[in-house]
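Note that the numbering runs from 1 along the sequence shown for the chain. Keep in mind that the numbers below use all heavy atoms, side chains included, and drop hydrogens, waters and symmetry copies. As the structure is a prediction and not an experimental result, all values here were calculated from the model.
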Amino acid sequence: MNYEKEPLHISTSVPNGTYEVTVTVTAHEDIIFTILSQSRRFMAQDINLGKGESTDITFNVSVCDYHKNNEDYTNVNGVEIDIMCDGDFTALSAVSPVNIPTVYIAGDSTVTDQPAEYPYNAASTYCGWGQMFPQFFNTGIAVENHAQSGSTTEDFKNVNFTAFKDKIKKGDFLIIEFGHNDQKIDTLDAFGGYTENLKYFVNFVREKGANPIICSPINRIIFQEDGTLLNLLGDYRTAVKNVCDEMNVPFIDLWSRTTEFFEAAGAVKAWDYFWGNGTDRDYTHTNDIGGNIVARFVANEMIKNNVQPIADLIKKDMINVEMPKHDSSVKPQN
């Protein structure tokens, strides 16, 4: 669903912490709306409401300071809600603190909260899967995404991590996905600095009584003539699996899931899931459509690995992914 209007913004000043938020939407005509929180994290997507109807949407939000590489430390002072809707409606929000686990996310541009321009077009809006992830949870857990574009494991360890490493508590989670930028740095090769940094994160969060989860990096959609994807990140997938096997960490194999999915789509249809604007294409970064698919992969892998209590809190009716079909007679125009 695309939206023409700027979102309605609702801000509530609160300190860092976890909160239960209820947004009450009343439709004055037939509407479709989407609720975002914080830095464009999806909490409810494309909800239909008839004229005169009201609905309550309840979800959990994490409010947390952040520190991005090459930027100043940023204080976050409240719950920020945006409602995308082209129709006539009113909305109210109620915010109350709750003591629940937080899922922190460490990663790069394929994971981060990406901004949007308005009018909003899902196909031409960059999206990290981490910002799509919260909508798949029932209440009882909050998602806090600290991933940053361009980040390596080393960047994140030295900068981004400092904003929340002392906030991680017993029962929390840290999901980790890197590789796209590490592979550009000699000292962060898959079985060298990259592996050592993954082990650092695992050991740190376990000392806090929290739980590490590591994802292999999503694959780029650079196709070869035989219809398979060029293997640019396979070593990083292997390195993640090795660390998970050695340290008994849940392994979320996004490299394999995305490779299988995008090869099934083919070199033309795969573009539907990655940022594009006319003939301009991006082969690394998903759009909002693709980010939603990858977030579903993560949710499914959490259930497969029986990561508790995350697995029990996932809205299982929302995470099905159908394998795409493509016409092999259609050739890419690049």
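Taking the side-chain contact (heavy atoms from CB on, under 4.5 Å) definition, one finds that Lys157 meets it with Glu154, Asn197, Tyr200, Phe201, sequence neighbours left out. With sequence neighbours left out, the side-chain contact (heavy atoms from CB on, under 4.5 Å) criterion links Asn305 to Pro250, Ile252, Glu301, Val307. In this structure, Trp255 has no ring-ring contact (aromatic ring centres under 6.0 Å, His included) partners at least two apart in sequence or on a different chain. Evaluation of the side-chain contact (heavy atoms from CB on, under 4.5 Å) rule for Asp30 yields Lys51 as partners, not counting sequence neighbours. Applying the salt bridge (charged side-chain N to carboxylate O under 4.0 Å, His left out) criterion to Lys5, with sequence neighbours excluded, gives no partner residue. By the side-chain contact (heavy atoms from CB on, under 4.5 Å) test, Met1 pairs with Tyr3, Ile32, Asp46, sequence neighbours left out. Under the rule for a salt bridge (charged side-chain N to carboxylate O under 4.0 Å, His left out), Asp65 has no partner lying at least two apart in sequence or in another chain.
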Return a table of donor-acceptor pairs under 3.5 angstrom between the side chains of residues 17-28 and protein atoms on other chains or two or more places apart.
{"unit_1": "Thr18", "atom_1": "OG1", "unit_2": "Val98", "atom_2": "O", "d": "2.5"}
{"unit_1": "Tyr19", "atom_1": "OH", "unit_2": "Pro15", "atom_2": "O", "d": "2.6"}
{"unit_1": "Thr22", "atom_1": "OG1", "unit_2": "Thr58", "atom_2": "OG1", "d": "2.9"}
{"unit_1": "Thr24", "atom_1": "OG1", "unit_2": "Asp56", "atom_2": "OD1", "d": "2.7"}
{"unit_1": "Thr26", "atom_1": "OG1", "unit_2": "Ser54", "atom_2": "OG", "d": "2.7"}
{"unit_1": "His28", "atom_1": "NE2", "unit_2": "Thr90", "atom_2": "OG1", "d": "3.4"}

Identify all side-chain donor-acceptor contacts of residues 99-106 below 3.5 Å with residues at least two apart in sequence or on another chain.
none

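The closest side-chain donor-acceptor pair between Thr152 and Asp155 falls under 3.5 angstrom.
Annotation: side chain to side chain donor-acceptor pair (under 3.5 Å) contacts involving residues 290-300, sequence neighbours excluded, comprise Gln45-Asn292, Asn292-Arg296.
Here Leu188 is tied into one hydrophobic group with Ile185, each link being a pair of ILVMFWY side chains closer than 4.5 Å. Other members of a hydrophobic cluster containing Val159 are absent, since no ILVMFWY side chain comes under 4.5 Å of it, directly or through relayed contacts.
A side chain to side chain donor-acceptor pair (under 3.5 Å) with Asp113 is found for exactly one of His146, Gln131, Arg40, Arg41, namely Arg41. A side-chain contact (heavy atoms from CB on, under 4.5 Å) with Trp129 holds for exactly one of Asn145, Thr286, Thr112, Leu254; it is Leu254.
Linking ILVMFWY side-chain heavy atoms closer than 4.5 Å, directly or via other members, places Val79 and Ile83 in a single hydrophobic cluster.
Listed for the Asn2 side chain is a donor-acceptor partner under 3.5 Å among the backbone atoms of Ala122.
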